[in-house]
K.L.:
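Could you have a look at this structure, given as structure tokens, before my questions?
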Amino acid sequence: MSMENRKVRVRFAPSPTGPLHIGGVRTALYNYLFAKKHGGDFLLRIEDTDQDRFVPGAENYIIESLKWCGICPNEGVGFGDGHHAPYRQSERKPMYRAYAEQLIASGNAYYAFDTKEELDEMRKRMEVSGGTHAYNAITRQTMKNSLTLPEDDVKQRIEAGQAYVVRIKIPRNEEVRVLDLIRGWVIVQSSQMDDKVLFKSDGMPTYHLANIVDDYTMQITHVIRGEEWLPSAPLHVLLYRYLGWENVMPQFAHLPLLLKPDGNGKLSKRDGDRLGFPVFPLEWNDPATKEVSSGYRERGYFPDAFINMLALLGWHSSGNQELFTLEELVNEFSLERVSKAGAKFDPEKAKWFNQQYLRKRSDEELTELWMPELTEKGVKADQTYIRKAVHLIKEKGNFLHEFWSLGSYFFIAPEKYDADVMKKRWSEGSSKFIAELKGAFETMEGFSSATTEVQFKTTAEKMGIPPGQVMQLLRVCISGLGGGPALFGIIELLGKDEVVRRLEKMLDVK
RNA sequence: GGCCCGUUCGUCUAGGGGUUAGGACACCAGAUUUUCAUUCUGGUAACAGGGGUUCGAUUCCCCUACGGGCUACCA
């Protein structure tokens, strides 16, 4: 089958060594968008070839994160098997050895018996002499491997059960070219590469071998991954070549890294703790340290807002649009528009995205989302009333969890009054004004925002007080807070009886 | 150290051989006819430096600087 008419198939291939951080989520997102855009498949493969680094719960965390974000793979661990199961490399273990042996047979790989100590010693030696400390075309001649040892010695060692690894035999001096969809041609001299281990002494392949074998057998057409993989891309190209798969080798795209908001460097777990914003999509309880790391979900972010925010970190459409639904992202996405430079993460903009999505939610939907908290607080109000309150509150908040502190006064008369405003605005004549206003309100027939506002102003003017001087005071009497939605909208919704009661209460307190 | 990648407002970015270098976040100022945390309007603010190529470069090339990544029997 030629490359051109193959169905697009991409994969997200994390290692279950801990919670997925937002950089990983963005990689998954771009893979998802690319797949959907081209009517292709998006699969999840778990790269657990390093059994020492296995963290319980990490795999499930990855699956739950993708689900929460709404970017579900259509194939893979946790999402149903396709034709290429299993999708966990530990379960694919039996298939890798044959490929390592194929590479040995074709002269592109070899057995190496060096111990950890011998390797350390070699590296030290090379560093002293100023050279690179790599296992390569030069240094391998001085090491214990099937290139330097007699054939029967090698055979004997293997039969005796001596530990060995399989290393790729990188050519002495050859130009290796990788075409990256984001960066163009990247050219590396093989003299700068080293004989990476492909197959470990514990019987597992390393990432490099497993990755190539799986991408080939799973018919992956595009490898979209983080920039930290760019240096090993030439190695991967060589592996495709030596395995005889170069004609179906996937195309590569290395994504720019997500950088910490201050200073420089890759965004890490520590930055979140230090700067007070989540680095993970979901809250994570570390099973070993018992440490808890906060998540976007638990902080009250909407998944679509979170995804929208991540999509714009390293990618931009041709226009000025910044708010995209998932469907719009799918339509607009292209690797050509992914930027090359790393993107500093901005927690402030993340909040702004959530605010935008909060506003986009209907009053009905927000009411429904808020109901559990209201019920828990013992609020007994009818749906229409709550919906109207929500309508006023949502213009002032960024998160649903702020609603109660922003608008509890719609359900409970304030217990406390904003101290700053009281100090600044309460004066000798204030009681008189409140009493006067209460009386005026009581006599009103209707009680709309328009009529109460007129009543308020005439009362103030009658007493020779500029309305602006007592407006915020009235707000505090009604809500206890110094700021909030349009005041007379609140007054209308609360209704005459309640407003009068609250004015009375203020007079009692003062 | 070596190799690789990168560099437009503080941040995310658009743009591209001739532009008033555009948008968004943040910030500041006015307005919403007299409250505020919303909204609206406006403003401050950028092509890392040096050489080329060219009539002309921020845009193309080279060098330097700076930043980042990789350099494990980790992914």
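Here the structure is a predicted model, which means the values were calculated and not measured. Note: hydrogens, waters and symmetry copies are ignored here, and every other heavy atom, side chains too, is used. Each chain gets a letter, A, B and so on, in the order the sequences are listed, and its residues count up from 1.
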K.L.:
With ring centroids as reference points, do A:Trp229 and A:Tyr207 lie under 6.0 angstrom apart?
P.N.:
yes
K.L.:
Under 6.0 Å between the ring centres of A:Phe441 and A:Phe456?
P.N.:
no
K.L.:
Taking A:Phe302's backbone N and O only, do any of them form a donor-acceptor pair with A:Asn354's side chain (distance below 3.5 Å, no angle check)?
P.N.:
yes
K.L.:
A:Asn136 near the nucleic acid: base, sugar-phosphate alone, or nothing, with a heavy-atom cut-off under 4.0 Å?
P.N.:
nothing
K.L.:
Return the nucleotide paired to B:C70: Watson-Crick means purine N1 to pyrimidine N3 with N6-O4 or O6-N4, wobble means G-U with N1-O2 and O6-N3, both under 3.5 Å.
P.N.:
B:G2
K.L.:
Using only modelled atom types and a 3.5 angstrom limit, is any donor from either the side chain of A:Thr206 or the base of B:C73 paired with an acceptor on the other?
P.N.:
no
K.L.:
Counting only side-chain N and O atoms of A:Arg225, is one of them less than 4.0 Å from OP1 or OP2 of B:C70?
P.N.:
no
K.L.:
Tell me what A:Gly226 touches on the nucleic acid: a base, only sugar-phosphate, or nothing, going by heavy atoms under 4.0 Å.
P.N.:
nothing
K.L.:
For atom P, what is the distance between B:C47 and B:G10, given to the nearest Å?
P.N.:
9 Å
K.L.:
With the side chain of A:His316 defined as its heavy atoms from C-beta on, choose the nearest nucleotide among B:U38, B:A14, B:A75.
P.N.:
B:A14
K.L.:
What's the closest nucleotide to the side chain of A:Lys200 if the choices are B:G15, B:C74, B:C36?
P.N.:
B:C74
K.L.:
Should A:Lys196 be listed as having a side-chain N or O under 4.0 Å from OP1 or OP2 of B:A72?
P.N.:
no
K.L.:
Between B:A14 and B:C5, how far apart are the C1' atoms? Round to whole Å, please.
P.N.:
22 Å
K.L.:
Counting side-chain heavy atoms from C-beta on, which of B:U34, B:C3, B:U35 comes nearest to A:Gln192?
P.N.:
B:C3
K.L.:
Side chain of A:Arg53, heavy atoms from C-beta onward: which of B:C74, B:C36, B:A37 has the nearest atom to it?
P.N.:
B:C74
K.L.:
Between A:Phe199 and A:Leu406, just flag the one whose closest nucleotide in RNA chain B comes earlier from the 5' side.
P.N.:
A:Leu406
K.L.:
May I ask you to say what A:Ser232 touches in the nucleic acid, namely base, sugar-phosphate or nothing, with a heavy-atom cut-off under 4.0 Å?
P.N.:
nothing
K.L.:
Below 4.5 Å, heavy atoms only, C-beta onward: do A:Val166 and A:Val197 meet side chain to side chain?
P.N.:
no
K.L.:
Is A:Gln356 touching bases, backbone alone, or none of the nucleic acid, heavy atoms closer than 4.0 Å?
P.N.:
nothing
K.L.:
For B:G6 and B:A45, measure between their C1' atoms and round to the nearest Å.
P.N.:
24 Å
K.L.:
Counting just side-chain N and O atoms, does A:Ser339 come under 4.0 Å of either OP1 or OP2 of B:U13?
P.N.:
yes
K.L.:
On RNA chain B, check which nucleotide each of A:Glu395 and A:Trp315 is closest to and give me the residue with the more 5' one.
P.N.:
A:Trp315
K.L.:
Which listed nucleotide (B:U34, B:G68, B:A75) is nearest to the side chain of A:Ser15?
P.N.:
B:A75
K.L.:
Please measure how far the C1' atom in B:G15 lies from the corresponding atom in B:U59, and state the result in whole Å.
P.N.:
9 Å
K.L.:
Using the C1' atoms only, state how far B:A21 lies from B:A46, rounded to an integer number of Å.
P.N.:
9 Å
K.L.:
So, is A:Arg123 close to the B:U71 phosphate, meaning a side-chain N or O under 4.0 Å from OP1 or OP2?
P.N.:
no
K.L.:
So, the side chain of A:Tyr296 versus the backbone of A:Pro278: is there a donor-acceptor pair under 3.5 Å, distance only?
P.N.:
yes
K.L.:
Any non-hydrogen side-chain atom of A:Gln189 less than 4.5 Å from a side-chain atom of A:Asn173?
P.N.:
yes
K.L.:
Give a yes/no on whether any side-chain N or O of A:Arg359 is located under 4.0 angstrom from OP1 or OP2 of B:U38.
P.N.:
no
K.L.:
Check the distance between B:U38's P and A:Leu358's CG and give it to me in whole angstrom.
P.N.:
14 Å
K.L.:
Examine A:Trp404 together with A:Tyr409 and report whether their ring centres are nearer than 6.0 Å.
P.N.:
no
K.L.:
Please list each protein N or O that sits under 3.5 Å from an N or O in nucleotides 4-11 of chain B, with the distance.
P.N.:
| residue | atom | partner | partner atom | Å |
| --- | --- | --- | --- | --- |
| B:C5 | O2' | A:Arg183 | NH1 | 2.6 |
| B:C5 | O2' | A:Glu227 | OE2 | 3.0 |

K.L.:
Describe the nucleic acid contact of A:Gly314 in one word from base, sugar-phosphate, nothing, applying a heavy-atom distance below 4.0 Å.
P.N.:
sugar-phosphate
K.L.:
Which nucleotide, if any, forms a Watson-Crick or G-U wobble pair with B:C25, using both distances under 3.5 Å?
P.N.:
B:G10
K.L.:
Within the 4.0 Å heavy-atom criterion, would you say A:Ser201 contacts the bases, only the backbone, or no part of the nucleic acid?
P.N.:
base
K.L.:
Given the P atoms of B:A37 and B:A29, what is the spacing between them in whole Å?
P.N.:
11 Å
K.L.:
Below 4.0 angstrom from OP1 or OP2 of B:A14, is there any side-chain N or O of A:Ser318?
P.N.:
no
K.L.:
Hey, does the side chain of A:Thr139 reach the backbone of A:Ala134 with a donor-acceptor pair shorter than 3.5 angstrom?
P.N.:
yes
K.L.:
For this output row, return yes or no: ring centroids of A:Tyr30 and A:Phe333 closer than 6.0 angstrom.
P.N.:
yes
K.L.:
Choose from B:G69, B:A75, B:C73 the nucleotide whose nearest atom is closest to any side-chain atom of A:Val197.
P.N.:
B:C73
K.L.:
Work out how far the C1' atom of B:U8 is from that of B:C66, and round it to whole angstrom.
P.N.:
16 Å
K.L.:
If I pick the C1' atom on B:G51 and the same atom on B:C73, what distance separates them, to the nearest angstrom?
P.N.:
48 Å
K.L.:
Whole-Å distance between B:C36 P and A:Lys424 NZ?
P.N.:
7 Å
K.L.:
Across the strands shown, which category fits A:Lys266 at heavy-atom distances under 4.0 angstrom: base, sugar-phosphate, nothing?
P.N.:
sugar-phosphate
K.L.:
By the definition side chain to side chain contact (heavy atoms under 4.5 Å, CB included), identify the one residue from A:Tyr301, A:Phe345, A:Tyr357, A:Trp352 that meets it with A:Met309.
P.N.:
A:Phe345
K.L.:
What's the CD-P distance between A:Glu461 and B:U34, to the nearest Å?
P.N.:
10 Å
K.L.:
Watson-Crick or G-U wobble partner for B:U54, using a 3.5 Å limit on both distances?
P.N.:
none
